Amino acid sequence: MLLFPMKAWERIAVADFANQQPLALHVPEPKARPGVEPDWSGLTLPPAGAQPRPDETCAAAETWPLCTDLIRVLDEDGVAQGPWNPRLDAETLRTMLRNMALTRAFDERMFRGQRQGKTSFYMKCTGEEATSVAPAMALAADDMVFPSYRQQGILITRGYPLEDMINQIYSNKADKLKGRQLPIMYSARDYGFFTISGNLATQLPQAVGWAMASAISGDTRIAAAWVGEGSTAEGDFHSALTFATVYNAPVVLNVVNNQWAISSFSGFAGAERQTFAARAIGYGVAGLRVDGNDPLAVYAATRWAANRARSNAGSTLIEHFTYRAEGHSTSDDPSQYRSAQERSTWPLGDPIVRLKNHLIALGEWDENRQAAMDAELAEMVKAATRAAEANGVLGHGMHHPFHTMFEDVFETLPWHLREQSEQAMRERRIKWPDWRPEDGDEMP
Amino acid sequence: MAIELKMPALSPTMEEGTLAKWLVKPGDTVKSGDILAEIETDKATMEFESIDEGTIGELLVTEGTEGVKVGTVIATLQGEDEPAAPAASPEAAPAPAAEPAADPKAQAVAAIAPRHDAKPAADPEIPAGTTMVPTTVREALRDAMAEEMRADPGVFVMGEEVAEYQGAYKVTQGLLDEFGAKRVIDTPITEYGFAGIGAGAAMGGLKPVIEFMTFNFAMQAIDHIINSAAKTNYMSGGQMRCPIVFRGPNGAAARVGAQHSQNYGPWYASVPGLVVIAPYDSADAKGLLKAAIRSQDPVVFLENELVYGRTFDVPQLDDFVLPIGKARVVREGKDVTIVSYSIGVGFALDAAQQLAAEGIEAEVIDLRTLRPLDKETVLASLAKTNRMVVAEEGFPICSVASEIIAIAMEEGFDSLDAPVLRVCNEDVPMPYAANLEKAALIDAGKIVAAVKKVCYR
């Protein structure tokens with residue numbers, strides 16, 4: 001249909017091409033919507049152990065086959081296979097299992113807390129635990145991480161106190177972020193954990209910039225960043241990759257491809273055409289595509305990329321191929337837009353079950369110990385929740401002192417904010433004469 | 001002591017919901033994780049789980065009840081050691097003092113009463129006798145887009161989650177079904193990308209309506225909005241028009257923190273080449289969005305998430321289009337003028353109601369359009385009342401309030417009996433915690449105080 005008047009030369013052009021087929025717009029559509037049985041036949045799953053492991057300092061182009069393949073270590077029987085097997089000792093494997101199980105137990109409790117009105121918002125990482133726990137173990141403890149909003153497994157692995165995480169989620173009087181930030185948008189400088197941003201993908205160029213600064217100052221620490229596959233559409237992704245390759249930045253860029261960006265399936269980010277790892281090659285950056293539900297493969301890929309960065313051989317883009325087993329957040333109801341059977345039929349299984357089976361196959365673990373650990377972790381989370389609740393929950397009034405609202409806007413409190421603060425205090429005293437000084441009524 | 005189960009906030013912005021279904025009854029034993037009820041929000045249906053163990057005492061809100069406010073006690077739970085007794089003391093769900101209700105159920109429902117009962121006066125532009133239909137702002141916006149899409153095949157909607165998900169805030173509800181995936185287009189996550197794509201489509205002759213999930217995310221797209229959409233017609237010597245609408249929620253919602261709570265009205269209103277509209281009620285939302293879509297100029301259309309669910313009358317007319325650039329007197333008064341826009345109008349009307357009880361008759365002006373600004377209406381009101389307060393939900397510095405005050409100084413100086421005051425948010429990034437957020441935002445009380453000041457009362 002011609003909607004608008006054309007100039008003479010345009011009419012001629014249309015007449016010339018009158019016999020040609022009209023153009024058609026393609027709009028991506030996922031294979032399964034609610035009520036439809038998922039079809040994974042288009043998904044090629046190579047056998048575990050079949051992928052070659054090039055030298056960590058190889059040319060980026062040498063990683064091309066690994067960008068369209070899938071690095072896998074654990075096979076169907078829970079046995080570790082091939083050159084990517086990181087050959088971790090049993091104690092390390094049990095620690096990895098415990099970190100993932102603790103992350104899941106924490107998510108369960110916090111999700112229920114949200115349903116109970118104790119916080120306004122929560123985001124689970126169920127099914128994706130390996131993509132944060134295994135990298136956190138493969139990186140050095142002081143490497144700087146720039147997470148997106150679903151990498152709570154990093155904080156848990158690095159030993160950040162659960163109670164402090166919950167204080168932040170409840171935005172209570174012990175919240176280290178002083179009631180300023182959305183639940184789960186943690187910041188933990190002492191744990192090398194950058195402030196989580198609510199705006200997508202901004203952490204990617206920031207991680208590259210941090211890594212470049214580390215190189216400029218002759219430091220030994222590298223940076224790592226995480227982003228969802230949906231957010232790779234952001235311009236920040238392109239900027240980050242460009243700078244990473246131009247300056248050979250010591251950075252590991254992780255794309256967590258969990259198939260869904262809220263209700264938009266990965267096709268809206270380009271997955272119908274090419275893998276996300278493959279984008280690395282166009283920039284001249286090394287690319288790895290890894291089974292994100294295989295904790296050993298994730299660990300090995302991260303270690304490869306970290307060693308490459310540490311030896312000044314350049315950046316790596318890792319695509320973690322996984323599945324978001326739960327809704328995007330507590331505000332989301334995925335049954336409205338995707339097949340409920342996707343989770344149960346997801347061909348790559350569950351990362352915790354896979355590592356558990358591996359440890360059992362090694363003779364280093366059993367179901368009883370797993371059950372005992374799960375019970376212990378649930379208790380641990382419950383105790384941390386109780387301790388945090390003593391500091392207040394959402395809407396119970398035990399918040400940060402009132403005057404702190406005006407702090408940290410600038411390094412020093414400007415006169416106009418001091419005046420506003422004092423005026424607010426005065427009004428509060430008039431309105432609530434019984435207000436106690438310990439509630440934060442006084443200026444510092 | 002019975003545990004009070006309260007209506008949970010199932011999303012950061014939820015203020016009320018429908019208690020769709022109870023899955024337990026009094027006397028049932030529940031344990032942690034059991035599903036107690038299904039609750040519908042404007043976004044989705046959610047399951048409400050128990051975190052504590054015990055026996056259900058009483059269900060205080062019947063299933064099917066709509067508009068149950070967050071925090072309302074909806075049921076009680078007895079701990080393990082105490083008997084399940086008829087629970088709920090009268091203070092369990094505080095009701096408005098005017099309506100004493102003995103029945104706790106009635107009290108729970110009474111607590112649902114809408115908070116913004118001061119409504120704008122009827123628009124004089126609507127012919128007398130027109131049937132008025134109560135409509136939420138959300139529906140009014142959707143109706144405006146649907147009507148324009150039916151009338152003009154060149155109009156299409158594009159943005160994140162606008163199609164399959166029906167809009168992150170359900171503003172595009174039903175559009176995908178009616179118009180299909182080629183006119184209601186889900187996009188990759190790149191505001192910069194789809195703002196540019198939209199500008200290109202507009203220059204190519206179509207009429208895009210670009211939805212930003214919120215205007216906070218449009219900051220990365222601002223280059224296309226300002227440097228592409230707003231200037232191309234000028235720079236091309238008038239050859240290249242860009243008839244595009246950028247729309248979405250703007251300003252603070254509830255507890256979404258510093259990065260998601262900003263009012264961009266003053267930013268866009270400072271840019272030549274842009275039309276900036278920020279309506280308050282449903283009729284203005286509909287009439288002005290239709291006008292925006294028809295406009296040959298690029299329009300930034302600023303909505304407010306907290307207002308989406310409010311209901312106002314919309315005239316039942318075949319083609320209800322309002323003029324861009326005209327403010328509206330939403331309440332007449334003789335003592336003082338309160339100028340506002342968007343959600344601030346609700347606060348201003350509430351303030352005017354309180355002031356009337358104290359003998360001060362405030363005239364309330366809804367600017368509706370921020371660029372071009374209707375200064376005639378503002379100055380005419382100032383000439384009548386001689387006192388003015390500007391209420392704006394946004395930062396005070398370089399605000400629309402600053403602009404109104406400048407106009408009053410330049411062109412209304414002889415009318416002024418007192419300095420014009422502005423009531424804005426605190427000059428800090430928006431905190432998350434509910435108490436700090438409340439303290440940082442404007443409210444009716446702050447407007448009342450400023451009005452008394454300019455009235456020397």
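Note that the structure is predicted; figures quoted are calculated from it, not measured. All values below come from the heavy atoms of this structure, side chains included, with hydrogens, waters and symmetry mates left out.
- A:Lys178 touches chain B through its backbone: at least one of N, CA, C or O sits under 4.5 Å from a heavy atom, while the side chain does not.
- Looking at B:Met430, only its backbone comes within 4.5 Å of chain A, counting heavy atoms on both sides.
- For the set A:Asp332, A:Thr202, A:Thr404, A:Leu200, the count of heavy-atom pairs under 4.5 angstrom toward chain B peaks at A:Asp332.
- For A:Ser197, the parts lying under 4.5 angstrom from a heavy atom of chain B are both the backbone and the side chain.
- In this model, no donor atom of one side chain and acceptor atom of the other lie less than 3.5 Å apart for A:His238 and A:Arg279.
- When each of A:Arg33, A:Glu427, A:Met185 is scored by its heavy-atom pairs under 4.5 Å with chain B, the top score falls to A:Arg33.
- Among the candidates B:His260, B:Glu191, B:Glu426, B:Glu437, the residue making the largest number of heavy-atom pairs closer than 4.5 Å to chain A is B:Glu426.
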Q: Begin with the C-alpha distance, continue with both residues' side-chain angles, and end with the deciding distance and a verdict on side chain to side chain contact (heavy atoms under 4.5 Å, CB included) for B:Arg255 and B:Tyr432.
A: CA-CA 5 Å; B:Arg255 293 189 299 281; B:Tyr432 165 79; 3.6 Å; yes

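- Here A:Gly230 is the residue among A:Gly117, A:Gly230, A:Gly327, A:Ser329 with the most heavy-atom pairs under 4.5 Å with chain B.
- Between chain B and the options A:Asn199, A:Leu25, A:Val27, the largest number of non-hydrogen pairs under 4.5 Å is found for A:Asn199.
- Residues forming a side chain to side chain contact (heavy atoms under 4.5 Å, CB included) with B:Met219 (at least two apart in sequence, or on another chain): B:Gln262, B:Tyr264, B:Trp267.
- Of the listed residues A:Val409, A:Asp408, A:Thr119, the one with more heavy-atom pairs under 4.5 angstrom with chain B than any other is A:Val409.
- Residue A:Arg109 touches chain B through both its backbone and its side chain, counting heavy-atom pairs closer than 4.5 Å.
- Side-chain atoms of B:Asp186 come within 3.5 Å of backbone atoms of B:Ala163 as a donor-acceptor pair (strictly under, hydrogens ignored).
- Within the 3.5 Å criterion, the main-chain N or O of A:Thr412 finds no donor-acceptor partner in the side chain of A:Glu407.
- Contacts of B:Gln220 with chain A are made by side-chain atoms alone, with heavy-atom separations under 4.5 Å and no backbone atom involved.
- Proximity to chain B (any heavy atom under 4.5 Å) is shown, for A:Asp175, by neither the backbone nor the side chain.
- Looking at B:Thr214 and B:Tyr169, their side chains never bring a donor and an acceptor atom within 3.5 Å of each other.
- Among residues two or more places apart in sequence or in another chain, the salt bridge (charged side-chain N to carboxylate O under 4.0 Å, His left out) test is passed with A:Lys124 by A:Glu108, A:Glu326.
- With no hydrogens or angles considered, no side-chain donor-acceptor pair links A:Gln423 and A:Glu419 at under 3.5 Å.
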Q: May I have the step-by-step check of salt bridge (Lys or Arg N to Asp or Glu O under 4.0 Å) for B:Lys31 and B:Asp34, ending in yes or no?
A: CA-CA 6 Å; B:Lys31 58 183 193 317; B:Asp34 285 355; 3.6 Å; yes

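- By number of non-hydrogen pairs under 4.5 angstrom with chain B, the leading residue of A:Ser264, A:Ala269, A:Ser335 is A:Ser264.
- Proximity to chain A (any heavy atom under 4.5 Å) is shown, for B:Leu36, by neither the backbone nor the side chain.
- A donor-acceptor contact closer than 3.5 angstrom links the side chains of B:Arg422 and B:Ser402.
- Proximity to chain B (any heavy atom under 4.5 Å) is shown, for A:Phe237, by neither the backbone nor the side chain.
- The contact between A:Tyr337 and chain B is made entirely by side chain atoms (from C-beta outward), counting heavy-atom distances below 4.5 Å.
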